[in-house]
**Student:** 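First the structure, then my questions, so here it is.
Computed over heavy atoms, backbone and side chain alike; hydrogens, waters and symmetry mates excluded.
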Amino acid sequence: MMHLKSMTFALGALFIIASCTDGENDVIKNATEITFNTRVSRAMVTTTGSLKDFMIWADADNYASMIIDGEIASKKDGQSFFSLDNPKIWPPDVHAIRFWAVSPSDISADIITTSQSIKDFTPNADIAKQVDLVTAYTRQERSDGTTNIPLKFNHALSQIIIRAKEAGGDNETKKILIKGAWIVNARSQGSLVCTDVADDNYMSWSVPVSSAKKVYGTEFETAIELTHEFRSLLDYNKTTGSGTNMMLVPQQLDTWNINDDVEKVSNSNKGAYILLLCRVEAVHSGGVHEGEQSGSVKPGTTSHIHQMFPYTERFDESEYGYTCVPISTNWEAGKSYVYNLEFCGAYAGAGIYPPVGELAGMSDGGGSYVKTPPADKNVGDPVLDSPIIFDVNVTPWDERPWTPGQSDADAEADTASEDI
């Protein structure tokens, strides 16, 4: 087992075996250095162009030691390929070599070289510091003296993006503000194993039931006001690959059974859900309606505003409440999952009340964030009239360029709906 410190990746590396027998001197004198050419499959965050370096291993059957043992290959000035600081050549008596590479090079993980695996990988709790883990695996035979090795890197994690919009169509002007977004109860650790196969299915994940479930997401400094167009709540930019989209361990999320009266309140199975910190206002024209001089209304001369959620019988612009959307997706490696949430339309509401006990670690905003339902509501009840309508767009990460204005139908292949 070896402790891996950080790596960033691409293809191409030069090899020269350090020690040789006298009988090999003439062969080595005229030998061609091993080089790598690289590409990144289904790339969106890490791309072939952004690959800077990677850590690589190489071994062969019946060869006493590792041919390459966790060295970093990088692209030097003026090079179009990647090379090692200590170049190596293909050993003359070796017919086939297995190559395994990982990037980025600053990841901390346990690497087991004998089985080409990463043990107990854990995404950073701070989603802004999460990385796009990529791996490459190939078995290459030497033929006609060719030592240029193609490495195809594949994304090992699942990319999670949360988007939202105001649905509209309910004949009422709504103002919806989102102050934070999280995925709750996702397993936080898994092990990746590479197997000796000839296609992209060389990679598999094992996520133990004992893996701790965590909350991934962030509270925003400034609230996001929703419009009638979808926008990422985590400010992911498809053009630059920047933002705080989540890179999480592939897994089947456990289900929160809100149709069972007991499980709805306790969520003892710790089923997964999208948690949102939000505020919903309804703006009406004219003065306050007769009989509606309640504390939850902000009066005005030409219009007045109702504080619909959180409902606390007062109007306080600093108040936000926690609401949620249960999810039970099967996240797969190398795929992007875009959750599209529709708030407050003719058929859409603002979510349901989350389990109170699971909000203990969430911010209370100095007393301004409401964590408990009002007296006439329970956990699992809609915070307004209906839950949030949503679907999930699932697509392999795509190397095609994305431009502003591109529709999701152009960029995303499959849509999967989840009932709540």
Side-chain angles (χ1 to χ4, degrees), residues 1-4 7 9 11 38-46 54-61 66 70 96-105 107-124 130-140 149-160 183 185-214 216 246-255 272 327-337 392 394-398 413-414 416:
M1 183 178 297
M2 176 180 181
H3 184 73
L4 172 62
M7 9 186 184
F9 50 106
L11 290 161
T38 63
R39 65 189 178 103
V40 181
S41 71
R42 304 189 298 269
M44 186 170 288
V45 177
T46 295
F54 54 91
M55 188 167 286
I56 189 161
W57 294 260
D59 69 352
D61 292 336
M66 297 292 293
I97 298 178
R98 289 179 292 269
F99 297 94
W100 183 53
V102 181
S103 179
S105 55
I107 291 177
S108 294
D110 287 329
I111 301 295
I112 304 175
T113 57
T114 55
S115 60
Q116 295 82 43
S117 62
I118 300 177
K119 181 181 179 182
D120 298 337
F121 174 82
T122 303
N124 198 301
Q130 289 177 353
V131 297
D132 181 11
L133 175 67
V134 295
T135 69
Y137 180 83
T138 187
R139 180 182 181 276
Q140 188 75 20
I149 311 303
L151 291 180
K152 179 184 178 183
F153 283 89
N154 291 278
H155 300 277
L157 301 175
S158 300
Q159 181 189 65
I160 312 301
I183 296 283
N185 290 333
R187 286 193 168 87
S188 59
Q189 191 176 81
S191 296
L192 180 150
V193 176
C194 295
T195 55
D196 193 1
V197 296
D199 56 30
D200 287 348
N201 295 318
Y202 68 87
M203 198 168 41
S204 64
W205 279 93
S206 173
V207 183
V209 175
S210 59
S211 174
K213 292 182 178 180
K214 291 188 178 181
Y216 293 98
M246 290 177 267
M247 298 289 184
L248 302 180
V249 171
Q251 61 190 277
Q252 170 64 63
L253 297 174
D254 288 331
T255 301
I327 57 175
S328 56
T329 320
N330 181 24
W331 294 341
E332 297 180 10
K335 290 188 178 181
S336 178
Y337 295 82
V392 188
V394 184
T395 181
W397 297 0
D398 198 341
D414 302 312

**Student:** Return yes if some donor-acceptor pair links the side-chain N/O of Gln140 with the main-chain N/O of Ile149 below 3.5 Å, else return no.
**Tutor:** no
**Student:** Is the side chain of Trp100 donor-acceptor paired with the backbone N or O of Ser117 at a distance under 3.5 Å, no angle test?
**Tutor:** no
**Student:** Roughly how far apart are Ser336 OG and Ile160 CD1, rounded to 0.5 Å?
**Tutor:** 7.5 Å
**Student:** Under a 3.5 Å distance rule, please check whether Thr138 uses its side chain to pair with a backbone N or O of Phe99 as donor and acceptor.
**Tutor:** no
**Student:** Please give me the minimum heavy-atom distance between Met246 and Tyr216, naming the atom from each residue.
**Tutor:** SD-O, 3.5 Å
**Student:** By side-chain contact (heavy atoms from CB on, under 4.5 Å), which residues pair with Glu332, not counting sequence neighbours?
**Tutor:** Asn330, Lys335, Tyr337
**Student:** Kindly give the heavy-atom pair with the smallest separation between Val249 and Trp331, and that separation in Å.
**Tutor:** O-CE3, 3.8 Å
**Student:** With heavy-atom distances below 4.5 Å as the criterion, would you say the side chains of Ile118 and Leu133 are in contact?
**Tutor:** yes
**Student:** Shortest non-hydrogen contact from Phe153 to Val102?
**Tutor:** CE2-N, 4.4 Å
**Student:** Kindly give the heavy-atom pair with the smallest separation between Ala60 and Ala96, and that separation in Å.
**Tutor:** CB-O, 3.4 Å
**Student:** Heavy atoms only: give me the nearest Met203-His155 pair and the separation to one decimal.
**Tutor:** CE-O, 3.6 Å
**Student:** With side chain to side chain contact (heavy atoms under 4.5 Å, CB included) as the test, would you mind laying out the steps for Leu248 and Arg187 before giving the verdict?
**Tutor:** CA-CA 9 Å; Leu248 302 180; Arg187 286 193 168 87; over 6 Å; no
**Student:** Measuring from atom CD1 of Ile183 to atom CG of Leu253, what distance do you get when rounded to the nearest 0.5 angstrom?
**Tutor:** 7.5 Å
**Student:** Answer yes or no: is there a side-chain heavy-atom contact under 4.5 Å between Val207 and Gln252?
**Tutor:** no
**Student:** Please examine the side chains of Asp254 and Asn185, heavy atoms only from C-beta on, and report whether any two atoms are closer than 4.5 Å.
**Tutor:** no
**Student:** So, do Gln130 and Leu157 sit near enough that their side-chain heavy atoms are less than 4.5 Å apart?
**Tutor:** no
**Student:** CZ/Arg98 to CG/Asp61 distance, rounded to the nearest 0.5 angstrom?
**Tutor:** 4.5 Å
**Student:** To check you understand the geometry: which heavy-atom pair defines the closest contact between Ser188 and Pro123, and what is its length?
**Tutor:** O-CD, 3.2 Å
**Student:** Tell me if the NZ atom of Lys214 is crowded by more than 12 foreign heavy atoms within 6.0 Å.
**Tutor:** no
**Student:** With distance as the sole test, does Gln159 use its side chain to make a donor-acceptor pair with the main-chain N or O of Pro396 at under 3.5 Å?
**Tutor:** no
**Student:** For Gln189, what residues pass the side-chain contact (heavy atoms from CB on, under 4.5 Å) criterion, not counting sequence neighbours?
**Tutor:** Asp120, Thr122, Ser211
